[in-house]
Amino acid sequence: MLGVLRSMLTTLSTTMRRPVTRQYPESHRPIPERERAFPLLLWDHGVDEPYCTGCQACERACPCKCMTVTMKDNPRQAEGTSKRRKIVDTFWIDYGRCMRCNICVEVCNFDAIAMNNTWTGIELSAYDRHDLVMDLDELLALSRAGGIVPWAEYVGEENQKLPPRAVQAARTLAGRGPA
Amino acid sequence: MSVEQWVFYVLAAIAVGGAAVTVFARDIVRAALGLIVALLMTAGVFVLLSAEVIGLVQLLVYGGAVAILILFALMITRAREVTYRLDGPQKPLALLAGATLAAAIGVAVVGTVFPTNTDHINPVGFVEMSTALFQTYAVPFEVASLVLLVALVGAIIIARQEERQ
Amino acid sequence: MMPVLGYWFGIAWLDAILRLAVIAGVMTVVVIFLTYAERKVIARVQQRLGPTRTGPAGLLQGVADALKLVLKEDLRPTTADRWVFELAPFMVFVPVFLTFVAVPFTRDLGVRFLSLGLFYIVAVSSLNIVGFIMAGWGSDNKYALLGGVRAAAQMISYEVPLVLTVLGVAMVASSLDIRVITERQDVVPYIVWQPLAFVVFIIAGLAEMNRTPFDIPVAESEVVGGPTVEYSGIRWSFFQLAEYSSLFVLSALGADLFLGGYIWPFGSNPPGWLQLILILVKTSFMILMIFWVRATFPRLRIDQLMSYCWKVLIPVTVAQLFFNGLVLVYRWPDILLLVFSGALLVGATAATAVAVRRAARRPRDAQAVRDRRLQYARGA
Amino acid sequence: MSSLFANWVAVLFGSIIGTLLVAVALVGNRLLAPRDPGRMKGTSYECGMLPIGRAEGNIHVRYYLFAILFLLFDVEAAFLFPWAVVFRSIGAFAFWEMTLFLAILMGGLAYAWKKGVLRWS
Amino acid sequence: MVADFDTIDININVGPQHPSTHGVFRMVLTVDGELVRDLDAVVGYLHRGAEKLLENQDYRQGIGIQDRTEYLAQFPAEQSYVMAAEKLGGFVVPERAEYVRVICVELNRIASHFMFMGAYGTDVGVFGTSFIYGFRERERVYRFFEELTGERMMYSYFRVGGLAWEVMDGFEEKARALLQELKRGINDINGLLTRNEIFIARTRHVGEISAERAIEYGLSGPVLRSTGVRWDVRKDEPYSVYDRFDFDVPVGEFGDCYDRYMVRLEEMRQAVRIVEQALDQMPKSGPIMPEKMPRMLRLPAGEVYVPVESARGEYGVYLVSRGGNHPWRCRVKSPCFTNLQALREMTVGEYVADSVVILGSIDLVLSEVDR
């Protein structure tokens, strides 16, 4: 029964090792910088409005059709405080359907959408799956508060066809959530 | 009545109840369980008679082995309930057989001379009993093993025949 | 026989009730603790932490579980055999509770010290097999039926080696009184004289309790809980209670019979508190071993389990009885007990290992399997 | 009161207390737990599907043979218990007597083994 | 009277809600005592129309669907899909990207096999220990992937033509450190199960299938190799850069559950070897995408079938394009679906308890079976 003894020695040896458990709510695993948790919208702190113009490029590109976007005329363009002629009106993302493929980020022409890579953000446990449908305010909240480093920053140079201004804006937002 | 008597009546009542279930239950497994209850209570009665060893043997052999044997045997027959009629043309014969058995038991009970002084029993000690078993009753003891062997062989032969067919 | 003066309040029946009440309380606490301890130990084996949330270091997890079980809805399938289904937990639990009556924890601590204690424990503990069959049959569930029958077959089979091993010890001690057996070990514990008996005792005990690697009747991955599959809430908890109580009783019994119980190695008369510590340490040792085994082993299959019992365990334990008798009757030196028992242990172990290896290396009788499949294919 | 009675009264009360323990817990559960029976709740578990027929009649004959074997060895155990205590005082006679007894039983086991009772399939 | 002693056959549903059906697989067992007389496998509980979805998505979107189809060995699935598209479009993948792909795929194979080891141990009856061992190591791999791709499971990292983005800093050192940990994890599993007599007794000669029958069924992967057939797409139809590595294809002897386990265990070791070689040979810098990739991918009309050796066997994508930015038809040849056919033959005549072991030894991924 040497094999049986060998099994018991194996279990004994792992008993001696340190547990690998992480006590989740108290201690968070460090999140890699590239982490793409769920898409969020970015807030243009320069003019105090979303980058998103509601062009629906992401909506069309989404493989699982989890987004709904509408656009409207930007009232602030008339006032002259913003250069955006159109601005997002409503933006819905169903986090229950999103498969976090990053395609929406890649297709966005305005660098308006980014993947969350912090622990903070939108609470993703819900009693009702309808609670996982996020509206514009919820999607913008984290960026508005200055708590996100957008994924786009780390995309290889070849792949990112982003306006330099947008990259710059994303960098200025670099405040990390609790790691 | 003394405490022992009370205990006896309770045990006896449960035993009779179990026996009744055995006879009247339509579900055969329930009937078997009734039988097991009756057997267990009998073990209690043995202990009450200061026959500890017999009581324990009753528990071990009947409560454990025989009970399982009966239950297995019943489950092999695979019917959850007896759905066919139990009485038939043999009814009078069965009555006759039952009456004969009852009469025989009755005669035996009446004919036995019970010791009159039952307040006091002289229990045979465990060691004395065991010594007697292995010295005085050595031959019956050995024969018991043969009986068991024959039972086993018989069961195997029957079961294998059934399996082959 | 126990002097009457030793009874609390001097009244036998009152004393019995009081002691049993204490046992009932202690048993509940012990079971709650054991479920916690098992989860903790197995968690550490698996490099996890186990329960940590409920109470300090998760200590109250068992209590929380117990409360949850009491508050759960008690379900019964409508097609179940009502009486058989509802009475099965009684039949499973009460015999285990009754075994507590005869286990001495220290020289004075225990409900009763029966002169036939060993016989009594064996006889009583065989009763709860019926409970498993009842649960299996009463649930009207195929998994339960399969599991119940397996449970019964397994428990009756392993009852035999269990009895034969404790008999080996009883032969050496010439007594069935567990307290006497324990106190005969003031110099050498019987694990030394009877190593085979000890190993077989643990193996058979594991099988009696349906624990890994013999948890075939309740196998989660096959029969999803076996006889207990339809039980929920409090009714289910009695199966659990029975399992862990018998784990405790069996470990205490093993400590008494093989490890010198509450006296060794401090000679024949250690003080009461030391006795308690000794028995607790030894019982915990047994329990830890069982947990460790549970965290390590895969499960056997029913046919392997049966053939292991009948082809290996029973022959060797019977052989051990024979050698014990030989040594004891002809008054050969005691060391021969160890020699014979040890030789049997090594022989049986090696034989099993070799048999498994050889069977693994040899191609299976493919024809037989093909025949069976063909026969089935034709039948279907 | 005899010591015999004093011992066994514990067993008697043990069975009563054990039964009461279960019964009290069941009553407590009846009082505390919700009761909301439903048709689907009342079906027996078969992996989320409705059961195919009732659970009956699937006991392998093999089990029965094991039970018979067990009966044999159980009776043997019943004899062994007294024997284990007294065989030394009786001496060699009792030892060889039991050896013969065991030999006959092991002969039965060997027969069963040879006949393939211990093998399945 | 005689017939009364026969055990009647009863049918038992095992699954869809059963602890060891690895998802929502269902098998109806006809049981004769403790033996399985017949087995009826029922699939389709996880059918999500992945193939239909692929027809309606452009080539980039389809990659995410592949992740979901084969959720334990995602990279091979992605690889198969992007390779099909590359073949159709005639793209040449930069060498560096190929190496990164191979590293990802092999690490993914290890992760998938760890999952198998864990679940298989549980099927055989280990109380969670093998499961936790397997998950512990798999988690390490997933954490590495997360750092690389930003996702734990649904990577969408391979792109038609190359990779979505450059590897992270310290990729090579991290990968080598990971390999050291994985070797230790492999040893843990090996120590826990391989020589354990109970494990051997439970799996040896259980669920045997002969090499001829395996080929007739069209089995692939470890299930096929356990029968002694040395067939591995990586060796026999080398794709990507597999012809540059020195690795063995382990095969079994009897085609039983134990062999399937051993083949997978050895494959993990071989995968470690491959990754080590790939790390050595990998160009330290260079492009990861071809120079000229159109923003919106439109592939010429045509059809193509590209098989890869996934963790479970030959995973192939059959792509039909009629021009345009999405496939006209995309058929996934899933190894599990094929391997599952043999389940009945392997199980009938065995013990009921073995049915779950045999099922486990196929290493099922239901979403890939049902698609």
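Below, chain A is the first sequence line, B the second, and so on; all start at residue 1. No experiment lies behind these values; they were computed from the predicted model shown.
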(Q) So for Val14(E), is it side chain, backbone, both, or neither that comes closer than 4.5 Å to the heavy atoms of chain C? (A) both
Q | Heavy-atom contact with chain C under 4.5 Å, split by part of Asp256(E) | A | neither
Q. Looking at Ala295(C), Pro213(C), Pro298(C), which one has more heavy-atom pairs under 4.5 Å with chain E than the rest?
A.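 Option with the greatest count: Pro298(C).
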Q) Ile42(C), Leu300(C), Asp215(C): which one forms the most heavy-atom pairs within less than 4.5 Å of chain E? A)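 That would be Leu300(C).
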**Q.** Arg184(E), CZ atom: more than 12 neighbouring heavy atoms under 6.0 Å
**A.** no
Q: Just give me the residue among Thr122(E), Thr203(E), Asp123(E) that pairs up with chain C most often, heavy atom to heavy atom, under 4.5 Å.
A: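 Of Thr122(E), Thr203(E), Asp123(E), Asp123(E) has the most heavy-atom pairs under 4.5 Å with chain C.
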(Q) Under a 4.5 Å cutoff for heavy-atom pairs, which residue among Asp354(E), Val352(E), Asn196(E), Val356(E) has the most contacts with chain C? (A)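 Option with the top pair count is Asp354(E).
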Q. Under 30°, 30 to 60°, or over 60°: which ring-plane class applies to Tyr258(E) and Tyr261(E), parallel, tilted or perpendicular?
A. tilted
Q: Specify whether Phe254(E) and His205(E) have parallel, tilted or perpendicular ring planes, treating 30° as the upper limit for parallel and 60° as the lower limit for perpendicular.
A: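 Perpendicular, since the angle between the ring planes exceeds 60°.
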(Q) Check whether Phe114(E) forms a cation-pi arrangement with Arg138(E) (NZ or CZ under 6.0 Å from the six-membered ring centre, at most 45° off the ring normal). (A) no
Q) Just by distance, with hydrogens left out, do Tyr133(E) and Gln47(C) show a side-chain donor and acceptor under 3.5 Å apart? A) no
